[in-house]
Amino acid sequence: MAYNHREIEKKWQKYWSEHKSFKAENHSNKPKFYVLDMFPYPSGAGLHVGHPLGYIASDIYARYKRHQGFNVLHPMGYDAYGLPAEQYAIQTGTHPEITTEKNIKRYRKQLDQIGFSFDWDREVRTSDPDYYKWTQWTFIQLFNSWYNRDADKAELITGLIEKFETSGNGDVHAVCDETPAFDAAQWKQMTEIEQQEMLMHYRLAYLSETLVNWCPALGTVLANDEVKEGLSERGGYPVERKLMKQWSLRITAYAQRLLDGLETVDWPDSLKEMQRNWIGRSEGASVWFKLDGHADDKELSEGIEVFTTRPDTLFGATFMVLAPEHEWVSKITTPEHKDKVDAYVQWAKNRSERERMTEVKRVTGEFTGAYAVNPLTGNKIPVWIADYVLAGYGTGAIMAVPGHDSRDFAFARHFKLPILQVVSQEGAEPADTDSWEDSYDAKEGVMIQSGFLNGLQVKEAIHTAIVRLEEMGIGTGKINFRLRDAIFSRQRYWGEPFPIYYKNGMPYPLPEDELPLRLPEVDKYLPTETGEPPVARAKNWVTKDGYPLETNTMPGFAGSSGYYLRYMDPHNDNEYFSKDANQYWRNVDLYIGGDEHAAGHLIYSRVWNKFLYDNGLACEDEPFKKLINQGKIQGRSNFVYRITGTNKFVSYNLRKEYNTQALHVDIEMVSNDVLDTEAFKKWRPEFKDAEFILEDGKYHCGYEVEKMSKSKHNVQNPDDLIEKYGADTLRLYEMFLGPIDQDKPWDINGIEGVYRFLRKLWRLYFDENDQLSVTDEPAIEAEQKVIHKTIKKIQDDIERFSFNTGVSAFMICVNELNELNCHKREILEPLAILIEPYAPHLAEELWESLGHKGGLVNVDYPEYDQKYLQEDTFTYPVSFNGKLRFKLELPADMSAAEIEKAVLSAEEANRWLEGKTIRKVIVVPKRIVNIVVG
RNA sequence: GCCCGAGUGGUGGAAUUGGUAGACACGUUGGACUUAAAAUCCAAUGACCAUUGCGGUCGUGCGGGUUCAAGUCCCGCCUCGGGUACCA
């Protein structure tokens with residue numbers, strides 16, 4: 001009996017837990033290191049092999065850092081609110097808390113089995129009142145804050161009220177809704193309700209009537225990042241646009257800082273790029289187009305404001321388009337066009353998001369009968385409405401430049417509107433736009449037919465145009481963001497209640513000492529008969545003074561936006577986290593998780609953190625210094641091929657000879673793509689009498705890489721693998737699979753090799769009789785070389801997160817020590833420490849067997865000695881005309897000239913030099929020799 | 001459509017800075033041990049040609065280029081994966 005993973009792993013898991021080996025201290029002389037995994041939602045299905053991939057990588061890093069002398073914070077907890085438990089509650093009546101508790105238990109058991117070095121004393125759950133107290137608390141701070149553009153940070157709303165009281169809002173530069181100007185006297189004359197309504201336009205958490213993504217099937221509103229291609233991310237249900245009164249977070253206030261902050265963090269470029277796209281900054285200008293015939297109209301005389309990134313093309317604006325929802329549509333439409341415009345608005349309104357997105361190519365629109373005046377040409381241009389202009393971006397109105405914008409071009413062609421060229425490609429003659437097949441959208445070329453802009457390059461023209469617009473008082477330079485404020489209300493039960501009550505219809509925050517506001521019990525988890533959210537079913541859902549409480553709950557991202565801060569000080573009853581704890585831990589040094597959170601969690605957390613930073617609570621502006629994406633593990637499905645209409649199955653390579661149908665077969669019954677036919681017969685009654693056409697006595701299955709899912713019978717559950725091979729093998733194997741950030745198929749076929757490696761490693765320490773075979777003999781040079789080379793390689797690989805090559809370096813090391821028949825303490829002791837981050841149970845067992853007490857977790861990492869890494873000789877590859885011909889071993893310190901001489905006089909060289917002239921000899925010491933002959 | 005990323009043996013992958021392509025492992029084949037199997041060990045394993053030996057030719061998605069030298073750099077394509085989708 002050799003390496004017994006079952007016993008060893010249980011033993012050390014117990015030891016770590018009893019000794020609290022991974023407890024992180026908030027006060028320490030050691031430097032800190034914060035390693036974080038993305039907050040998991042404990043699903044009922046438990047873990048599959050894809051989930052722990054990132055956890056294993058971060059655990060290796062955390063354990064490595066402990067050996068390096070760091071005080072490591074490596075916490076874990078649960079994003080416990082979520083739709084699945086609530087859907088289950090609706091179906092069965094089981095309280096989501098019960099389901100969640102059950103799932104967490106299972107999750108925890110699975111995590112424990114893998115031997116992670118989490119500090120479980122710091123566990124948090126978003127659904128725990130002690131935790132969500134601070135989620136609610138932060139919401140109140142957001143409610144009580146506004147964004148001051150002058151200071152470029154969030155400030156207390158009381159400061160804003162003071163400004164209003166002394167000078168109105170004239171000098172206030174805030175990120176806010178559009179608000180009329182008022183002075184101090186007017187402010188003071190407002191009623192309490194009017195003042196509260198005004199403040200609502202400034203608050204960072206605000207209530208407003210907005211167009212939201214309404215998902216009828218889920219019965220709730222969704223944030224933009226929770227909608228994918230017009231369908232809900234969870235469940236894939238249709239989403240409609242609906243006007244509703246909702247809480248939102250004014251995250252747009254942070255748009256520029258979110259963008260700037262990306263320059264300071266060490267994240268994958270692709271992830272940064274995704275965030276940049278999502279934030280979508282564009283520079284351009286606001287321009288006012290006066291309406292023809294409305295000069296005397298007080299309201300309309302200012303004109304329609306449009307946003308454009310191409311103010312240089314203003315001379316080419318031949319019509320205007322408003323979004324169907326634009327508030328002026330009904331005001332400017334002429335009587336003779338009213339019916340058609342009304343019909344179009346109605347049609348556009350009822351179109352689902354999905355339809356609108358899939359029918360992008362379809363050009364629709366309607367003329368309002370109104371005309372605007374191009375401010376530069378003075379020409380009258382028609383004003384249309386069309387749903388290709390979005391109400392939610394810019395001002396919901398555009399100047400159409402069909403010559404240089406493909407959408408405007410398509411629209412102009414369809415409705416036969418004039419197309420004018422104002423940019424000419426360098427060196428090309430202006431062409432008749434009637435003959436164009438497409439618009440010329442590139443921001444390159446020379447301005448033509450554009451008055452004062454003629455002859456300028458596009459980039460200069462943009463600048464010049466803005467300057468002129470500002471001089472004329474009809475426009476101004478402007479920056480727009482695509483990012484929208486985050487809708488924060490959910491019409492669901494299982495989430496944080498808002499700490500808000502209503503007095504005379506106006507929302508007010510609860511006093512902080514009444515937090516947490518606990519989620520009430522309800523009889524059913526469905527909306528009320530009158531369509532109110534489930535929380536409205538609760539009895540006495542009112543404050544102690546009898547005011548009604550908010551019945552919406554917060555979205556999933558509420559609790560997950562600041563969890564990394566709470567880990568710093570998870571049991572603090574008086575504060576979110578103490579200043580001390582935050583000063584010490586600061587922010588996350590290494591965050592590992594999937595890139596699916598790019599537009600959601602990773603934006604929200606950054607805003608949350610920046611807000612707390614503005615408040616002086618968090619000491620770092622960015623929450624996650626370094627971030628690594630772990631790739632997804634895809635399933636590897638196996639197939640059998642049934643001859644159509646029979647119960648006969650033909651082996652993979654013979655299937656072409658028949659008319660077959662491929663069927664998924666459970667990967668449990670397949671080993672190395674060979675089917676266990678007996679197991680298959682027992683799998684399902686209809687296969688009981690199955691017959692097989694074999695090739696060389698075996699039934700070979702086909703395979704395909706697809707998503708891991710139950711229906712494809714390709715789900716690999718880690719529990720079975722741990723039972724069979726142990727957690728250390730699983731850890732090593734998941735790392736061995738390939739680079740951490742790459743997607744890769746799960747393929748069980750290689751796991752045996754890793755298991756074999758661990759047993760080989762074991763046998764360096766123990767003989768066949770399980771007796772320690774380690775000796776105190778001094779190591780020879782060759783052995784020293786092996787271990788020192790390995791120390792350097794393993795360290796380099798961990799530092800650059802190349803865990804797969806790390807595993808192979810261990811394999812090489814063990815193979816070489818085996819060859820040297822090395823059983824020396826001097827070598828095997830450091831090796832045990834080296835492998836601890838990867839295979840911690842085994843390493844602890846070896847360490848103990850070597851006579852050490854007190855565990856291996858904090859033992860110093862071995863240092864390599866440069867003297868063992870230097871080789872005396874180097875084997876030069878010698879190439880002729882770039883082709884490798886022979887190799888020559890030479891002293892490593894030989895000079896280039898000597899090397900050249902040695903190579904040219906080498907016996908093997910004659911063959912390649914004969915009858916040729918040497919044109920050039922390239923010698924790169926300790927690299928290569930290349931001889932050019934001709 | 002636009003923006004990223006990736007294409008290397010039968011398979012997962014390695015090659016960190018332009019310098020020996022295919023490390024390590026799986027699989028396959030042959031062999032040793034064994035009554036047998038498992039386990040273990042040894043050898044071969046990119047393709048093609050030559051095999052009596054030395055060996056040779058081709059080869060990192062495709063086509064060009066730069067260089068003494070390209071998987072790696074540049075230009076143009078193809079395929080796959082991800083994000084986004086009328087964002088003016």
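Chain letters run A, B, ... following the sequence lines, proteins first, then strands; residues in each count from 1.
Counting non-hydrogen atoms under 4.0 angstrom, A:Ser282 reaches the backbone sugars and phosphates but no base. Contact annotation for A:Val389: base contact, defined as any heavy-atom pair under 4.0 Å involving a base atom. Residue A:Arg276 is out of contact with every strand shown, counting any heavy-atom pair closer than 4.0 Å. Contacts of A:Lys883 with the nucleic acid, taken as non-hydrogen atoms under 4.0 Å apart, involve only primed sugar atoms and P, OP1 or OP2. Among the heavy atoms of the strands, none lies under 4.0 Å from A:Trp267.
When each of A:Pro877 and A:Ser270 is assigned the nucleotide of RNA chain B bearing its nearest heavy atom, the one mapping closer to the 5' terminus is A:Ser270. Each of A:Met399 and A:Thr875 was assigned the nucleotide of RNA chain B with the nearest heavy atom; the assignment lying further toward the 5' end belongs to A:Thr875.
Between B:rA88, B:rG56, B:rC26, one nucleotide has an atom nearer to the side chain of A:Arg756 than all others, and that is B:rC26. Of the candidates B:rC41, B:rG13, B:rU57, B:rG13 carries the atom nearest the A:Pro739 side chain, counting heavy atoms from C-beta on. Relative to the side chain of A:Asp405, the nucleotides B:rG19, B:rA88, B:rU11 differ in distance, and B:rA88 lies closest. For A:Asn804, the listed nucleotide lying nearest its side chain is B:rG13; candidates were B:rA25, B:rG13, B:rA88. Set against B:rG19, B:rC86, B:rC24, the side chain of A:Leu390 has B:rC86 as its closest nucleotide. When distances run from any side-chain atom of A:Ile928 to the nucleotides B:rC3, B:rU84, B:rG19, the shortest one goes to B:rG19. The nucleotide whose nearest atom lies closest to any side-chain atom of A:Arg763 is, among B:rU20, B:rC41, B:rU84, B:rC41. Residue A:Leu884 places its side chain closer to B:rU20 than to any other of B:rG13, B:rA88, B:rU20. Of the candidates B:rA23, B:rU40, B:rC26, B:rU40 carries the atom nearest the A:Arg759 side chain, counting heavy atoms from C-beta on.
As rounded to the nearest Å, B:rC77 and B:rU29 have C1' atoms that lie 41 Å from one another. Remark: the separation of the P atoms in B:rG46 and B:rG10 is 10 Å, to the nearest Å. Using P as the reference atom, B:rG59 and B:rG64 are 11 Å apart when rounded to the nearest Å. Across B:rG22 and B:rG30, the matching P atoms stand 27 Å from one another, rounded to whole Å. Using atom P as the reference point in both B:rC78 and B:rA25, the two lie 40 Å apart (nearest Å). Spacing of C1' atoms, B:rU11 relative to B:rC2, comes out at 35 Å, to the nearest Å. Taking atom C1' on both nucleotides, B:rC24 is separated from B:rA14 by 7 Å, rounded to a whole Å. Atom name P, nucleotides B:rG71 and B:rC62: the rounded distance is 12 Å, in whole Å.
Cation-pi geometry between A:Arg636 and A:Tyr703 is satisfied (NZ or CZ under 6.0 Å from the ring centre, within 45° of the ring normal).
Annotation: side-chain contact (heavy atoms from CB on, under 4.5 Å) contacts of A:Asn480 (sequence neighbours excluded): A:Ser282, A:Phe307, A:Tyr393. In this structure, the side-chain contact (heavy atoms from CB on, under 4.5 Å) partners of A:Lys760, at least two apart in sequence or on a different chain, are A:Arg763, A:Val814, A:Asn815, A:Asn818. With sequence neighbours left out, A:Lys920 forms a side-chain contact (heavy atoms from CB on, under 4.5 Å) with A:Ile922, A:Val932. Remark: A:Met320 engages A:Phe289, A:Ile304, A:Val306, A:Ala372, A:Ile381, A:Val383 in a side-chain contact (heavy atoms from CB on, under 4.5 Å) (not counting sequence neighbours).
Closest non-hydrogen pair, A:Trp746 versus A:Leu721, comes out as CZ2-CD1, 3.5 Å.
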Dump the pairs, protein N or O against N or O of nucleotides 50-52 of chain B, anything under 3.5 Å, distances to one decimal.
none

Output a table of nitrogen or oxygen pairs between the protein and nucleotides 73-82 of chain B separated by less than 3.5 Å.
none

Tabulate protein N/O versus nucleotide N/O from nucleotides 15-18 of chain B, keeping only pairs under 3.5 Å, one per line.
from: B:rA15; atom 1: OP1; to: A:Arg800; atom 2: NH2; distance (Å): 3.4
from: B:rU16; atom 1: O4; to: A:Lys793; atom 2: NZ; distance (Å): 2.6

Tabulate atom names and distances for all N/O pairs under 3.5 angstrom spanning the protein and nucleotides 63-68 of chain B.
from: B:rC68; atom 1: O2'; to: A:Asn930; atom 2: ND2; distance (Å): 2.9
from: B:rC68; atom 1: O2; to: A:Asn930; atom 2: ND2; distance (Å): 2.8

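Counting only N and O atoms by type, the side chains of A:Thr252 and A:Asp485 include a donor and acceptor under 3.5 Å apart. For the residue pair A:Asn714/A:Asn638, the side-chain donor-acceptor check at 3.5 Å is not satisfied. Checked by atom type, the side-chain pair A:Glu305/A:Thr395 shows no donor-acceptor distance below 3.5 Å.
For A:Glu283 and A:Arg281, the salt-bridge test passes: some basic side-chain N is under 4.0 Å from an acidic carboxylate O. Salt bridge annotation for A:Asp797-A:Lys793: present, with a cationic side-chain nitrogen under 4.0 angstrom from a carboxylate oxygen. Here A:Glu263 pairs with A:Arg276 in a salt bridge; the nearest charged N to carboxylate O distance falls below 4.0 Å.
Pairs passing the salt bridge (Lys or Arg N to Asp or Glu O under 4.0 Å) check and including a residue from residues 730-743 of chain A, sequence neighbours excluded, read A:Asp59-A:Arg731.
Remark: RNA chain B takes part in the stems B:1-7 with B:78-84, B:10-12 with B:24-26, B:27-32 with B:40-45, B:46-49 with B:55-58, B:61-65 with B:73-77, each of 3 or more antiparallel Watson-Crick or G-U pairs, criterion distances under 3.5 Å.
Ring to ring, A:Trp384 and A:Phe411 are close: their centroids are under 6.0 angstrom apart.
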Donor-acceptor list for residues 747-757 of chain A side chains, cut-off 3.5 Å, not counting sequence neighbours:
from: A:Asp747; atom 1: OD1; to: A:Asn749; atom 2: N; distance (Å): 3.0
from: A:Asp747; atom 1: OD1; to: A:Asn749; atom 2: ND2; distance (Å): 3.2
from: A:Glu752; atom 1: OE2; to: A:Tyr725; atom 2: OH; distance (Å): 2.9

Is there a side chain to side chain donor-acceptor pair (under 3.5 Å) between A:Asp595 and A:His597 once you walk through the steps? CA-CA 5 Å; A:Asp595 63 357; A:His597 297 108; over 6 Å; no
As a quick check of understanding, evaluate salt bridge (Lys or Arg N to Asp or Glu O under 4.0 Å) for A:Lys785 and A:Glu816, giving each step before the final call. CA-CA 10 Å; A:Lys785 274 191 171 165; A:Glu816 289 178 350; over 6 Å; no
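OP1 or OP2 of B:rG56 sits under 4.0 Å from a side-chain N or O of A:Arg911. Here A:Gln742 reaches the OP1 or OP2 of B:rG13: one of its side-chain N or O atoms lies under 4.0 Å away.
Atoms CD1 and CZ, on A:Ile794 and A:Phe803 in that order, are 11.0 Å from each other to the nearest 0.5 Å.
We find that CD of A:Glu273 is positioned 14 Å from P of B:rU84, with the value rounded to whole Å. Per the geometry, CZ belonging to A:Arg885 stands 8 Å off C1' belonging to B:rG56, to the nearest Å.
Taking a 4.0 Å limit (strictly below) on heavy-atom distances, residues 812-823 of chain A reaches RNA chain B at A:Ile812, A:Asn815.
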